[in-house]
2 protein chains.
Amino acid sequence: MPSIAQHAVNAGEVSSYPTLTDLLARSRDARLDALCRPHVLGTQGRRQIESIPLRARSVKAGGMLFSPGEGLHAVYLVRAGMFKTQLVNLDGDRQITGFHFPNELIGLDAFRAREHDCYATAVVASRVQVLPIHRLNALMRQVPALAETMTKLLSENVTEYEQLLMLTNTQSALGRVAGLLFSFACRLGDHNQPADVLYLPMSRASIANYLGLALETVSRTLHELETRDIVLRRNNKTIDIRDLDALAALIGITTTS
Amino acid sequence: MPSIAQHAVNAGEVSSYPTLTDLLARSRDARLDALCRPHVLGTQGRRQIESIPLRARSVKAGGMLFSPGEGLHAVYLVRAGMFKTQLVNLDGDRQITGFHFPNELIGLDAFRAREHDCYATAVVASRVQVLPIHRLNALMRQVPALAETMTKLLSENVTEYEQLLMLTNTQSALGRVAGLLFSFACRLGDHNQPADVLYLPMSRASIANYLGLALETVSRTLHELETRDIVLRRNNKTIDIRDLDALAALIGITTTS
DNA sequence: CGCCTTGTTGATGACGCTCAAGATATGTGG
DNA sequence: CCACATATCTTGAGCGTCATCAACAAGGCG
């Protein structure tokens, strides 16, 4: 009921919001569940973390936040911009393992082996807040619920890999790109932002690497989605989602109850 | 030097062992490093675990060891046979995430979220030893080194996902199958077993699912490997590796120095 | 021994990769 | 601010790889 009042503020613009929200809620149990909500702090967890005095840090586009081998000094809460995490093996092959939105935590990988195993790079000029590990540990001792939250976040981190593996192993190019967009939309929605306008600051090559496709295929697939009136490209980096139902259908997610 | 005496026992048969071992050792830093050595207990860790009184458990072919939602009661040390772990989402799609050899630990996934997130199924009649979690916890308090070992194993668990993702996202069918075989060979070698005779008890469909291929493609690829004299098929389930160099080359692993 | 599951092999075509050219965006120095 | 240079993206053409469909062979089990 309170939400109706909110919507009334600019009802003309946001008339589609409820439907979108419904869709996301209804697809919560579906295939891409975890891929859609990685590293999201619940209201409770966020409040806990917000009680820690946080140092801010800016990272310019292409800048590195941490790299493999670095010890577990801190985890980072993305505040603005976007990061990608990527593995690089000794042959120099890269594998992007995730894109990270504002309000998502990165650096959790270091919790496993006491050091980071991937590069975290800013896709665009970005800003993070630094959670020093000793402070986090101290707070976890005080607030057991936070420790649980961290465990859960770590677990979701792995579930992301599982979902990505499933996506790339079972879906066609169309399904993979759709999965990416759907994931982005869900995550924006989770952060109470309009989920029908997606900003894709990363290069096509990055998307392609993430999804296991050629970069031309990503381009063509986005074009195909536009042809089908599922998305609308404003420009290179910005697309509108016009038919989330159809998008979900492409990856086999049943949004209708 | 002692190893020479061992080899002398049946020198004719095992003349190729040293080379194989060398290869594996030299490729230790390479692409599939972690995929090749998952859940391996070091001598030290194994000795620690062997001090726990272990209950044995037999699982017949197709039998289930644990399934998603089950709490963290125990982890399991495979003693004989083979297991596969697989995710199943609500749409019923399966994704096999690993095959597990004797001397490897399974069930670690439950350490993350306090409950299992996958099915562990015996591929053939198998036997495990059960490590009750309360005993493991008790021992970890006594022996800090064991706790470290567990952390490391958990980390390797995730690294497996990363390696598998990289394998399926960057390699062709030939490379993927080669990667699987190479991984199996490495793991046999790690357990001091002849690494040039591979037993593949799982179905082609399972291999295909794991690698993100059609089952027919797996069949054809094995045939192709035989045509190139890289492997020799004794029968459906057993193949000899005749040229590990070539196998490694297929996945871009440089085994020479 | 016969049924049924699993694996192999063949033919065909679609999907997506590669190579190449052109278009658009981004950045830089005058 | 514009012109130029560079990087990124798009679009096209051609082809290779692998999925699909189908038939057959082989292995496993009652």
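Chain A is the first sequence line, chain B the second, and so forth, proteins listed ahead of strands; every chain is numbered from 1.
- Per the geometry, CG belonging to N209(B) stands 16 Å off C1' belonging to dT6(C), to the nearest Å.
- Checked by atom type, the side-chain pair T85(A)/H100(A) shows a donor-acceptor distance below 3.5 Å.
- Atom CG of L200(A) is separated from atom C1' of dC9(D) by 13 Å (rounded to the nearest Å).
- Atom-to-atom, CD of E224(B) to P of dT8(C) comes out at 14 Å; the value is rounded to the nearest Å.
- In summary, of the residues considered (L65(A), L105(A), V75(A)), a side-chain contact (heavy atoms from CB on, under 4.5 Å) with V128(A) occurs for L65(A) alone.
- Between S219(B) and E216(A), the one whose closest nucleotide on DNA chain C sits nearer the 5' end is S219(B).
- An OP1 or OP2 oxygen of dA25(C) is reached within less than 4.0 angstrom by no side-chain nitrogen or oxygen of K237(A).
- By the 30° and 60° cut-offs, the orientation of the rings of F184(B) relative to F99(B) is perpendicular.
- Nucleotide dT6(C) holds its C1' atom 13 Å from the CZ atom of R233(B), rounded to whole Å.
- Scanning atom types as modelled, no donor and acceptor separated by under 3.5 angstrom connect the side chain of R204(B) and the base of dT5(C).
- Evaluation of atom-type donor-acceptor distances gives no pair under 3.5 Å for the side chain of R220(B) against the base of dG7(C).
- Within 4.0 Å of L215(A), counting heavy atoms only, lies at least one base atom of the nucleic acid.
- Between the P atom of dA25(C) and the CZ atom of R234(A) lies a distance of 15 Å, rounded to the nearest Å.
- A donor-acceptor pair shorter than 3.5 Å can be found between the side chains of S183(B) and R187(B).
- Contact between the side-chain N/O atoms of R176(A) and the OP1/OP2 oxygens of dG16(C) is not found at any separation under 4.0 Å.
- At a cut-off of 3.5 Å, with distance as the only test, no side-chain donor of Y76(B) or Q129(B) sits close to an acceptor on the other residue.
- With distances taken from any side-chain atom of T217(A) to the nucleotides dT6(C), dT10(D), dC17(C), the minimum falls on dC17(C).
- In this structure, N235(A) atom CG and dT24(C) atom C1' are separated by 11 Å, rounded to whole Å.
- M202(A) places its CE atom 15 Å from the P atom of dT8(D), with the value rounded to the nearest Å.
- Applying the 4.0 Å criterion to OP1 and OP2 of dT8(C), one finds that N236(B) has a side-chain N or O inside that range.
- Under 4.0 angstrom from either OP1 or OP2 of dT9(C) there lies at least one side-chain N or O belonging to H223(B).
- Note: CG (L222(B)) to C1' (dT6(C)) measures 14 Å, nearest angstrom.
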